[in-house]
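Just so you know, ligand 1 is whichever comes first in the structure, and atom 1 is the first atom listed for that ligand. One-based numbering along the sequence shown.
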Amino acid sequence: MDKIFIEGQQTLSGSVQISGAKNAVLPIMTAALMAEGRSVVTRVPDLRDTRTMIRLMEIVGATCSFENGKLSIDGSTVNNPEAPYDLVKTMRASFYVLGPLLARFGVVKVSLPGGCAWGPRPVDFHLKGLEKLGAKITLESGYIIAEAKRLQGTKINFEFPSVGATGNIAMAAATAEGTTIIENAAREPEIVQLCEYLNTMGACIRGIGTTRLTIDGVETLHSADIDVIPDRIEAGTFLAAGALLGEITLNGVIPEHLDSVILNFKEVGCNVSTTSNSVTIAQADKIQPVDMTTAVYPGFPTDLQAQWVALMTLAKGSSMITDTVYHDRFSHVPELNRFGANIKVENNTAFVRGVDALVGAPVMSTDIRASASLIVAGLAAKGRTEISRVYHIDRGYEQIEEKFRSLGANIWRKNPIV
Ligand code: EPZ
């Protein structure tokens, strides 16, 4: 099992290129299944999750090739609308094939995703939306079976602006008969890009980027190429490290996607500047405590909550971090306390009392973003940190130790992936 080691408190400097967004490319890949023909997706990060999704594409019959960030998916060979448990249980985003394959084949069998490190993570919004579009949904031995000769446009109102459910329903509705209106749709940049991609495939989606999507169903979609947007969560993770240790520049970002994040780093006392495609952060002399409440876009993202907690462990004072998107996403807290942090969790809020220093320790990753918070803490801690179960971090971060090493961090991996 790989481990990442860090000798902390190295000053960071220089710049890194931010990779393509995991949470944009995963639904884009499933959208490509709807078209007969070869779609080419560029700026695809080489991650466990993107490789898992490629495996799933191939299981359903698509022909894929992936090299140097360029992924081609030929949907014309898709012939098996089924996503097996063994694969879905490793990545919840596999559920994104439900809408596309149902729309294309009229029947699809997808394993229910299990829970994850921090909770049940239901899919009821996805299923209710498909039922409203006319699908017959049955549950059989842990598999969802959805059937519909042709989905019928309708009005769907999400009780929560679910990213995944918005993506799944938008894809399903793209070739439904008639118009679908999705109220309370997610507005995350990743879903914006998915809808833009669907339109380049011939779909007719209006209101992209707002909470109301109007989708006029079309007969078929054709293949299309796309360049994936940069990963704002990877960028925010590096900003948290830069806030503590020097001055770094992140290249290839879309600063607007980080507006709420940058605002908060400035409140902490960091100097943050941007150009059209980069952001530079200089560490704060003193980390001011800043309370945080996560929210759907354009609020502060839940996927940066763990990294923010790590930053607040070294603030000059106390702070409260509340996650309103997930109510139990704090598996990183016991691990951060092993560094000597002082954090208590009550319900969906972490109460952090800043300490003068963290001390390196052996810690364990529990999920993608919790792992990222352990790396941020390890980089700032005195002495050596050893992080186990780093397969979690490899799910969502491309060459993270190489990138941090290029900035001056003393970070390496043992038993490297061969
Ligand atoms: C996406 O997950 C992201 N994953 C997550 O990032 C991210 O944390 C999340 O959106 C919120 O921004 C991908 O894009 C692959 P949701 P998703 O549906 O779509 C509840 C990472 O680290 N809910 O917006 O699964 C749910 O339990 C990952 O990159 C239902 O109750 O998130 C949660 O409390 C982790 N029923 C809230 O809604 C449903 O049917 C938001 O979930 C669906 C969701």
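Counting atoms of ligand 1 from 1 in the listed order, those under 4.0 Å from a heavy atom of His126 are 40 (O). Shown in contact with Arg92 at under 4.0 Å from a heavy atom are these atoms of ligand 1, numbered in order with element: 25 (O), 43 (C). Atoms of ligand 1 found under 4.0 Å from any heavy atom of Asn23, numbered from 1 in the order shown, are 3 (C), 4 (N), 6 (O), 13 (C), 14 (O), 15 (C), 21 (C), 29 (O). Each of the following atoms of ligand 1 lies closer than 4.0 Å to a heavy atom of Lys22: 21 (C), 29 (O). Close approach of ligand 1 to Asp303 (heavy-atom distance below 4.0 Å) involves ligand atoms 5 (C), 6 (O), 7 (C), 8 (O), 21 (C), 22 (O), 28 (C), 29 (O), 35 (C). Atom numbering of ligand 1 starts at 1 in the shown order; those under 4.0 Å from a heavy atom of Val325 are 33 (C), 34 (O), 37 (C), 41 (C).
A salt bridge does not link Asp367 to Arg395: none of the charged nitrogens lies less than 4.0 Å from a carboxylate oxygen. Salt bridge Lys22/Glu398: absent, no basic N to carboxylate O contact under 4.0 Å. A salt bridge is absent between Arg232 and Glu256: the closest approach of a Lys/Arg side-chain nitrogen to an acidic carboxylate oxygen does not fall below 4.0 angstrom. Under 4.0 Å is where a charged nitrogen must lie from a carboxylate oxygen, and between Arg329 and Asp303 at least one such pair does.
For Pro161, no nitrogen or oxygen atom sits less than 3.5 Å from a nitrogen or oxygen atom of ligand 1, counting backbone and side chain alike. For ligand 1, the polar-atom distance check finds no N/O of Thr302 at less than 3.5 Å from any of the ligand's N/O atoms. For ligand 1, none of its N or O atoms has an N or O atom of Glu188 under 3.5 Å away. An N or O contact shorter than 3.5 Å links Gly164 to ligand 1 by distance. Between Tyr96 and ligand 1, no N or O atom pair is found at a separation short of 3.5 Å. An N or O contact shorter than 3.5 Å is missing between Ala93 and ligand 1 by distance.
Shown are Glu401, Glu402, Glu386; of these, the salt bridge (charged side-chain N to carboxylate O under 4.0 Å, His left out) with Arg413 is made only by Glu401.
Assignment of Glu159 to the shell around ligand 1 is not supported, since no heavy atom sits closer than 4.0 Å. Proximity of Ala165 to ligand 1 is not established, as no heavy-atom distance is less than 4.0 Å.
Around atom 27 (O) of ligand 1, the closest heavy atom drawn from Pro122, Ala24, Ser162, Gly129 belongs to Pro122. Residue Tyr326 holds the heavy atom nearest to atom 32 (O) of ligand 1 of all those in Phe95, Phe125, Tyr397, Tyr326.
If you look at Val296 next to ligand 1, there are no close heavy atoms at all, none under 4.0 Å. Contact annotation for Glu190 and ligand 1: no heavy atom of the residue comes within less than 4.0 Å of the ligand. Of all the heavy atoms of Val163, the ones lying under 4.0 Å from any atom of ligand 1 are found in both the backbone and the side chain. Contacts with ligand 1 closer than 4.0 Å are made by side-chain heavy atoms of Arg329 only, the backbone lying farther away.
Judged purely by distance below 3.5 Å, without hydrogens or angles, the side chains of Ser365 and Ser371 pair a donor atom with an acceptor atom. A donor atom on one side chain and an acceptor atom on the other are not found under 3.5 Å apart for Thr52 and Thr90.
When atom types are taken as modelled, the side chain of Asn184 and the backbone of Phe158 share a donor-acceptor pair closer than 3.5 angstrom. Side chain of Ser39 to backbone of Ala224: a donor-acceptor contact under 3.5 angstrom is found.
Between Phe160 and Phe125, the ring planes lie parallel to each other; the angle is under 30°, not in the 30° to 60° tilted range. Ring geometry, Phe404 versus Phe238: the interplanar angle falls under 30°, so the pair is classed parallel (tilted spans 30 to 60°).
For residues 150-171, every residue pair satisfying the salt bridge (charged side-chain N to carboxylate O under 4.0 Å, His left out) rule, not counting sequence neighbours, is listed here: Lys128-Glu159, Arg150-Glu219, Lys155-Glu183.
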